[in-house]
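Down below is the structure, laid out as structure tokens.
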Amino acid sequence: MPASFFLPGKLPRVGTSIFATMTALANRHDAVNLSQGFPDFPPSKELTDCLEEVNREGLYHQYAPMAGLLSLRTWICDHAARRDAALYDPETEATITCGATQAIFSAIQAAVMPGDEVILFSPAYDSYAPAVLMAGGKPRFFSLTFPYYRIDWDIVAQEIGPGTRGIVLNSPNNPSGAVLNAGDLDQLTALATRHNLWIVSDEVYDHILFDGVSHLSIASRPELRERAFVISSFGKTLHITGWKIGYCLAPKAMTSEFRKVHQFVTFAIATPFQHAIHRFLTRHQGALQEVGQWYQGQRDLFLQLTAALPLRPLPCPGTYFQLMDISSCWQGSDQAFCQFLIEKIGVAAIPVSAFYEDETDNQVVRFCFAKTSATLTMAADRLQRLADYQ
């Protein structure tokens with residue numbers, strides 16, 4: 001028999017994601033799934049009504065423009081102007097994408113040249129490093145300080161090298177929930193201008209913040225805006241992760257390079273969804289502001305329900321995840337704890353070590369509270385069983 005064809009692959013170290021692994025295990029054991037980051041409740045009826053209306057009209061089922069629906073791009077640019085005092089031209093500086101992940105991938109492919117070093121921070125969303133590697137770049141990781149997950153800018157400044165070309169940021173951060181503050185933007189501005197770095201800023205949780213914390217977009221600083229791809233998504237804010245509608249804002253010259261990649265990755269994004277989102281946002285001006293209030297209520301409920309458990313909540317001012325320190329009730333790894341949770345307790349979580357390139361284990365796990373109150377209550381009831389194993 002002839003030998004099987006072998007394809008070495010560009011990402012030999014990448015396997016099944018931790019999210020798929022934990023969800024499969026959760027399904028096998030009928031566990032309450034607080035591992036994957038998507039809501040278990042429907043989007044706004046007003047939004048789905050807009051989609052039904054668009055579909056009934058029957059006019060919007062062909063390709064959208066490559067850059068996206070102009071009316072939606074205009075709304076996005078107006079929003080950036082109102083919130084961040086950031087002026088973008090919807091014709092030449094805004095692009096609708098297939099979710100934020102595609103926007104991140106396209107931005108990195110547009111910016112990274114073979115051999116370029118790119119600064120990433122751990123723990124990090126799992127798409128950044130593979131995108132850098134596929135572009136021929138070299139990821140350079142810096143660990144966020146535990147337990148508040150802050151950036152130590154002094155260490156970054158000391159370690160940055162002549163081959164460093166860019167930096168990928170995520171605020172509010174997934175998985176930690178940490179949020180960049182004004183001091184962080186000051187430090188970033190000094191570093192980026194001194195070393196002439198481009199920036200990819202992943203801001204998909206920009207409307208999910210708690211306890212009076214505000215989002216400071218990279219777009220709010222002119223010195224950063226001129227060198228940044230600023231990326232967000234309607235998936236998280238409108239509870240429509242399956243629609244996969246994101247966007248990228250960038251200066252004209254950077255957007256030109258971005259679109260060169262974008263057109264060969266996906267070309268156009270689902271036309272009816274773009275129309276529906278634009279209609280909804282135009283008719284419901286306060287919709288995005290209500291998101292944070294809703295999620296703060298779910299976060300507070302989850303913390304209240306789990307207050308008596310031997311799990312220590314860490315501060316998570318942004319995103320719809322709650323980190324828990326398990327060190328007071330578990331002596332093994334966070335991955336082993338998550339497997340134990342599913343098999344013995346009936347609740348699925350994500351080990352935060354999976355977000356580190358070197359699997360740093362601080363004995364912290366991540367729960368998603370973007371769930372109905374009934375789901376959170378069921379999960380909390382099951383988590384009470386932890387007392388049986390003390």
Side-chain angles (χ1 to χ4, degrees), residues 34-39 79-80 83-84 86 99-101 103-104 120-128 143-151 153 167-185 187-188 199-221 224 228 230-239 241 246-247 249 287-303 312-325 349-350 352 355 362 364-371 376:
L34 303 188
S35 62
Q36 282 195 297
F38 57 81
H79 175 64
R83 189 187 69 177
D84 305 316
T101 300
I104 293 163
L120 306 177
F121 295 98
S122 289
Y125 182 57
D126 64 353
S127 79
Y128 304 152
S143 291
L144 300 175
T145 60
F146 183 77
Y148 297 104
Y149 297 96
R150 308 302 310 176
I151 297 174
W153 292 105
I167 182 168
V168 179
L169 293 164
N170 178 207
S171 178
N173 179 263
N174 178 18
S176 73
V179 178
L180 296 178
N181 58 35
D184 290 312
L185 296 197
Q187 298 266 32
L188 174 62
I199 299 165
V200 171
S201 184
D202 175 359
E203 304 183 10
V204 298
Y205 296 97
D206 55 349
H207 290 283
I208 307 177
L209 296 111
F210 315 124
D211 306 321
V213 173
S214 297
H215 173 67
L216 292 178
S217 174
I218 296 302
S220 67
R221 295 287 183 94
L224 298 176
V230 177
I231 292 164
S232 193
S233 170
F234 295 109
K236 302 295 190 297
T237 50
L238 299 182
H239 325 310
T241 58
Y247 59 87
L249 296 171
L288 299 185
Q289 287 67 41
E290 297 168 1
V291 172
Q293 299 170 13
W294 156 257
Y295 277 120
Q296 172 135 8
Q298 297 309 97
R299 191 281 307 262
D300 291 349
L301 172 63
F302 184 63
L303 290 180
R312 181 171 67 90
L314 299 181
C316 299
T319 145
Y320 51 42
F321 302 110
Q322 179 61 53
L323 299 193
M324 294 285 195
D325 183 328
I350 292 287
V352 173
F355 293 89
N362 292 310
V364 175
V365 301
R366 190 194 78 173
F367 294 94
C368 176
F369 56 81
K371 310 294 177 184
L376 296 178

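Contacts of S122 classified as side chain to side chain donor-acceptor pair (under 3.5 Å), with partners at least two apart in sequence or in another chain: E357. Qualifying ring-ring contact (aromatic ring centres under 6.0 Å, His included) partners for F121, counting only residues two or more places apart in sequence or in other chains: none. Every residue two or more places apart in sequence or in another chain that forms a ring-ring contact (aromatic ring centres under 6.0 Å, His included) with F146 is listed here: Y149. With sequence neighbours excluded, the residues forming a ring-ring contact (aromatic ring centres under 6.0 Å, His included) with Y320 are Y205, Y295, listed by chain and number. Partners of E290 by side chain to side chain donor-acceptor pair (under 3.5 Å), not counting sequence neighbours: none found. When the salt bridge (charged side-chain N to carboxylate O under 4.0 Å, His left out) test is applied to R366, no partner is found at least two apart in sequence or on another chain. By the side chain to side chain donor-acceptor pair (under 3.5 Å) test, Q187 is found to be paired with no residue, residues two or more places apart in sequence or in another chain being considered. The side chain to side chain contact (heavy atoms under 4.5 Å, CB included) test applied to P315 returns Y148, not counting sequence neighbours. Under the side chain to side chain donor-acceptor pair (under 3.5 Å) criterion, E203 pairs with S201, H215, S217, sequence neighbours left out. Residues passing the salt bridge (charged side-chain N to carboxylate O under 4.0 Å, His left out) test with D325, sequence neighbours excluded: R312. Residues satisfying the side chain to side chain contact (heavy atoms under 4.5 Å, CB included) test with T145, not counting sequence neighbours, are R150, D152. A100 pairs by the side chain to side chain contact (heavy atoms under 4.5 Å, CB included) definition with V204, I231, S233, not counting sequence neighbours.
Closest approach of Q36 and K371 over heavy atoms only: O-NZ, 3.7 Å. In terms of heavy-atom proximity, C368 sits nearest to L376 at O-CD2, 4.3 Å. Of all heavy-atom pairs between S214 and V179, the closest is O-CG1, 3.9 Å.
Using a 4.5 Å cut-off on side-chain heavy atoms (C-beta onward), S176 and L323 make contact. Side-chain contact between L34 and Q322 is absent, with no heavy atoms from C-beta onward closer than 4.5 Å. Proximity of W294 to H239: side-chain heavy atoms (C-beta onward) are separated by under 4.5 Å at one or more points. Looking at heavy atoms from C-beta onward, P123 lies in side-chain contact with L144 at the 4.5 angstrom threshold. Side-chain atoms of T319 and I208, non-hydrogen and from C-beta on, never get closer than 4.5 Å to each other. By the 4.5 Å heavy-atom criterion applied to side chains, F321 and P175 are not counted as neighbours.
Salt bridge annotation for D206-R83: present, with a cationic side-chain nitrogen under 4.0 angstrom from a carboxylate oxygen.
In this structure, the separation between CG on L188 and CD1 on I151 is 7.5 Å, given to the nearest 0.5 Å.
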Take Y128 and D202 through the side-chain hydrogen bond (donor to acceptor under 3.5 Å, both in side chains) test and state the conclusion after the steps.
-> CA-CA 10 Å; Y128 304 152; D202 175 359; 2.5 Å; yes
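Between L216 and the choices D84, L185, L180, the side chain to side chain contact (heavy atoms under 4.5 Å, CB included) rule is met once, by L185.
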